[in-house]
S.K.: 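Dumping the structure here so I can ask a few things about it.
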Protein chains: 2
Amino acid sequence: MASMKDVAKMAGVSISTVSRVINDTHPVDGRTRGAVEDAIRRINYRPNLLAAGLRSKSGNLIGLAVPDIAHHSFEEFIKHTEQCVREHKHGLIIGDTHSDPDAEAEFIDHLIRRNVDGIIFIRVSDQSRALDMLNATSIPYVVLDRALESGTVPTVTMDNFTAGQLAAEHLLGLGHSRIACLTGPLDVALCRERLNGFTQALSHAGHRLPDQWIFEGDFRFESGVRTVELLLDTEPRITALWAQNDLMAIGIIGGLIDHGLVVPRDMSVAGVDDIVTCRMVRPQLTTVSQPFEAMSRAAVQLLMRERSAGKRLTERIVIPTELVVRQSTAPPADSTVSPHLKTQKELL
Amino acid sequence: MASMKDVAKMAGVSISTVSRVINDTHPVDGRTRGAVEDAIRRINYRPNLLAAGLRSKSGNLIGLAVPDIAHHSFEEFIKHTEQCVREHKHGLIIGDTHSDPDAEAEFIDHLIRRNVDGIIFIRVSDQSRALDMLNATSIPYVVLDRALESGTVPTVTMDNFTAGQLAAEHLLGLGHSRIACLTGPLDVALCRERLNGFTQALSHAGHRLPDQWIFEGDFRFESGVRTVELLLDTEPRITALWAQNDLMAIGIIGGLIDHGLVVPRDMSVAGVDDIVTCRMVRPQLTTVSQPFEAMSRAAVQLLMRERSAGKRLTERIVIPTELVVRQSTAPPADSTVSPHLKTQKELL
DNA sequence: ATCGTTTGCGAAAACGATTTCCGAGTTCTG
DNA sequence: CAGAACTCGGAAATCGTTTTCGCAAACGAT
């Protein structure tokens, strides 16, 4: 591969001048600049990013740590983050942590050794060893999608409280009163916040959310399917359910269909995220959108700002959200207990 | 950050010795080795990958070029590739090309400058400028999921011909005779190959696949939904359809449901890929699996072999596939024209 | 006319590893 | 016991940039 030295020789200038032409870091006479650019083109020169990074201590690289690459909602973050990072002329190096602290720490270690310019975590946990490692360096990082308890870490989240409110108001507006919630893991702050928004909107309308109508899931599809069994045992039967993400909501719908029930006639179901799968299932899922692109861009920009500020920021950016109404929610069937439901129960 | 020099000083040895301890590249006495390892631990030393890469001309990095990160089947490749690359102690840098030659070339340029050890393409096109750029270097690359016309490029694909056969045999075995196919873009070799396997199995059984029962899609969900309109106009009505990927198959199912039809009673539908979404929709999708993990691992290993061989290989690895039967296929309704279908037609 | 600043450029020192070369001591081998 | 072969380890070159420093000329302001 051609190096700067070759360019310099061909253009009859020094290496420094070539560097200055490329990085525009110091004034260079128009004639010499032309000669250098010519030489670059002629020998098809490409600056070596490793050498540049070694000297300038910037790998031109952003790291992205994801708990599960193939998770439908994370993949949206990945896509938009990659796009935005690319626009900043950086590369994106990605690591699947499998939610395992050791794998996560190993990945972060790798990133540190690579002189990355910043790291984005999707859903890191509060007592992550990786964060400790990073705090021992000057590498900026941002947590995406999950606010940490300790307020010292820069985060970008959606407006989880409002998300809960929007879901509740939508279901209430349709005339439901027996509404359940399938949450994510309740030790995760964002789940509690979504739940708070949800319950607050319910109580504003004079409704309660009894404990036995709160089901705790794990954000995965199967968790929705499993919950259906419990749902069908509620007495009196609930008429609507809000799941705290789409995968679980889709699981709920699948489980209901498996039991011969019809959505939304027998039960309204809503989710959170607005992943593309929402439009693939029937009925199409009503949901509260997660602003994936805006969040990803905010995270990358926050990183860049941290870098140029040269110090850790503690900002917490919250991106607004909105309701997307599709087919999985409708007014409750008017009879208190749908005859169809009764039949199904008897069949079991 | 601590450097090798610091370690050397603390352990009272030379830099070379530290390097040898770390890389196990030359015998080192047990006592000195211990001292060095101690020092490494004490000052929490991390070798700098940029410096190492600069000298050794290996970035310890694999590049992955994907046409669309958020595409459900690519994300499976991404996940398993990342896993496998990690096991080889490398990093994975990912780029979304949006199927755009310029974006692709730009990404490859970036990778070359970073001294990557190899590049995996998912579905690169035959006349890609990126491939020309790479051929001017010694960087090994592998094309995953799509065989190129020119046989000179190492590829890893699934057994597309057999996939078509399996689908046809399954539907024939259920008693279908009027079977249609929704293909991917027919200028893509793998689509033609899948179609060949499909038609061959049909003709072996004494059936033909008339041209008007071959629909050309673009591998996307919407493409399936749109095709339903055409499907319902076939006369006599087809009773089964095989889509060349799951997203289109799921689109077909969605479209059929939108028209008030019932799958598989009114029409059997099968796909290819076995993405997780198959188990999320109702009915769950019968499909021919794409061996994502085996393919990803084969690609990475092929890359590594190319690297250690020090020359371009032209291997074409084909991974076997199998049928996964779920709920979306069933014997055809016995009446030639289902009364339900008739009703629906009249309703339109 | 003088002093300070900006422009323009080259030489050389980093950056932090790997790798080559070399030499001294030890162990085989015949 | 001589010579070959292997073990162990240091010095120094090297990878390809960026960056600091220095110097000369040109420019602007007092």
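So you know, we letter chains A, B, ... as the sequences are listed, proteins then strands, and number each from 1.
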S.K.: Does a nitrogen or oxygen in the side chain of A/Ser3 sit under 4.0 Å from OP1 or OP2 of D/dG16?
M.R.: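 No, outside the criterion.
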
S.K.: Checking all strands, does A/Arg46 fall into the base, sugar-phosphate, or nothing category for heavy-atom contacts under 4.0 angstrom?
M.R.: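 Contact class for A/Arg46: sugar-phosphate only.
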
S.K.: So, is B/Thr17 near the phosphate of D/dG10, with a side-chain N or O under 4.0 Å from OP1 or OP2?
M.R.: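 Indeed, a polar side-chain atom of B/Thr17 lies that close.
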
S.K.: Rounded to whole Å, how long is the line connecting atom CG of B/Leu50 with atom P of D/dT14?
M.R.: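 Atom-to-atom, B/Leu50 to D/dT14, this comes out as 22 Å.
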
S.K.: Does the D/dT17 base have a donor-acceptor partner in the side chain of A/Arg55 within less than 3.5 Å?
M.R.: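 Answer is no: no donor-acceptor pair is held.
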
S.K.: What is the distance, to the nearest angstrom, from the CE atom on A/Met4 to the C1' atom on D/dT19?
M.R.: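 After rounding, the reported distance stands at 12 Å.
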
S.K.: Would you say a side-chain N or O of A/Ser14 is under 4.0 Å from OP1 or OP2 of C/dA11?
M.R.: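 Checking A/Ser14 against C/dA11: no side-chain N or O falls below 4.0 Å of OP1 or OP2.
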
S.K.: Salt bridge or not for B/Glu315 and B/Arg305, using N-O below 4.0 Å?
M.R.: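 A salt bridge links B/Glu315 with B/Arg305.
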
S.K.: Please figure out whether B/Leu49 or B/His26 has its closest DNA chain C nucleotide nearer the 5' end.
M.R.: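 Mapping each residue to its closest nucleotide by heavy atoms, the 5'-most match is B/Leu49.
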
S.K.: For DNA chain C, whose closest nucleotide is more 5', that of A/Val28 or that of B/Asn23?
M.R.: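 On the 5' side of the pair lies A/Val28.
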
S.K.: Is it possible for you to check whether B/Arg123 lies under 6.0 Å from the centre of the six-membered ring of B/Phe74, through NZ or CZ, and within 45° of that ring's axis?
M.R.: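 Verdict for B/Phe74: no cation-pi partner in B/Arg123.
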
S.K.: What is the distance from CD1 of B/Ile15 to P of D/dA11, rounded to the nearest Å?
M.R.: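 Value for this atom pair: 10 Å.
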
S.K.: Indicate, yes or no, whether a donor-acceptor pair under 3.5 Å links the base of C/dG10 to the side chain of A/Arg20.
M.R.: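 Per atom types, the contact qualifies.
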
S.K.: Taking atom types as modelled and ignoring hydrogens, do the side chains of A/His98 and B/Gln83 form a donor-acceptor contact shorter than 3.5 angstrom?
M.R.: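 Short answer, yes.
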
S.K.: Write down the distance between CZ (A/Arg113) and C1' (C/dC15), rounded to a whole number of angstrom.
M.R.: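 Nearest whole value for this atom pair: 17 Å.
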
S.K.: Rounded to whole Å, how long is the line connecting atom CG of B/Asp29 with atom C1' of C/dT26?
M.R.: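 Interatomic distance, CG of B/Asp29 to C1' of C/dT26: 12 Å.
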
S.K.: Side chains of A/Ser19 and A/Ser16: any donor to acceptor distance under 3.5 Å?
M.R.: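 Note: A/Ser16 and A/Ser19 side chains miss the donor-acceptor criterion.
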
S.K.: A/Lys57 NZ to D/dT19 P: how many Å, rounded?
M.R.: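 Value for this atom pair: 11 Å.
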
S.K.: Determine the contact category for B/Val18: base if any of its heavy atoms lies under 4.0 Å from a base atom, sugar-phosphate if only primed atoms, P, OP1 or OP2 are that close, otherwise nothing.
M.R.: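 B/Val18: no heavy atom of the nucleic acid under 4.0 Å.
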
S.K.: Under 4.0 Å between a side-chain nitrogen and a carboxylate oxygen: does that hold for B/Asp24 and B/Arg33?
M.R.: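 Answer for the salt bridge query: yes.
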
S.K.: When you measure from the side-chain N and O atoms of B/Ser16 to the phosphate of D/dG9, is any distance below 4.0 Å, counting only OP1 and OP2?
M.R.: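 Result: no.
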
S.K.: Can you tell whether the side chains of B/Arg297 and B/Glu87 come within less than 4.0 Å, N to carboxylate O?
M.R.: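 Yes, B/Arg297 and B/Glu87 are salt-bridged.
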
S.K.: Check whether any side-chain nitrogen or oxygen of B/Asn48 sits under 4.0 Å from OP1 or OP2 of C/dC15, and answer yes or no.
M.R.: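 No, because none of the side-chain N or O atoms of B/Asn48 sits under 4.0 Å from OP1 or OP2 of C/dC15.
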
S.K.: With sugar-phosphate meaning primed atoms plus P, OP1 and OP2, does B/Lys5 contact a base, only sugar-phosphate, or nothing at under 4.0 Å between heavy atoms?
M.R.: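 Answer is nothing: B/Lys5 stays at 4.0 Å or more from every strand.
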
S.K.: By the 4.0 Å heavy-atom rule, please label B/Thr32 as base, sugar-phosphate, or nothing.
M.R.: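 The residue B/Thr32 makes sugar-phosphate contact but no base contact.
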
S.K.: Please give, in whole Å, the distance from C/dT18 C1' to B/Ile22 CD1?
M.R.: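 In whole Å, C/dT18 C1' and B/Ile22 CD1 are 11 Å from each other.
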
S.K.: Measuring from the side chain of B/Leu54 (C-beta onward, heavy atoms only), which nucleotide among D/dT18, C/dG16, D/dG9 has the closest atom?
M.R.: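 Between D/dT18, C/dG16, D/dG9, the one nearest the side chain of B/Leu54 would be C/dG16.
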
S.K.: State the pairing partner of D/dT30; accept Watson-Crick or G-U wobble contacts with both distances under 3.5 Å, and report none otherwise.
M.R.: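 Looking at the geometry, D/dT30 pairs with C/dA1.
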
S.K.: So, OP1 or OP2 of D/dT18: does either fall under 4.0 Å of a side-chain N or O from A/Ser56?
M.R.: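 Looking at the OP1 and OP2 atoms of D/dT18, neither is under 4.0 Å from any side-chain N or O of A/Ser56.
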
S.K.: Whole angstroms only, please: what is the CZ-P distance between A/Arg33 and C/dG8?
M.R.: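 It works out to 9 Å between those atoms.
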
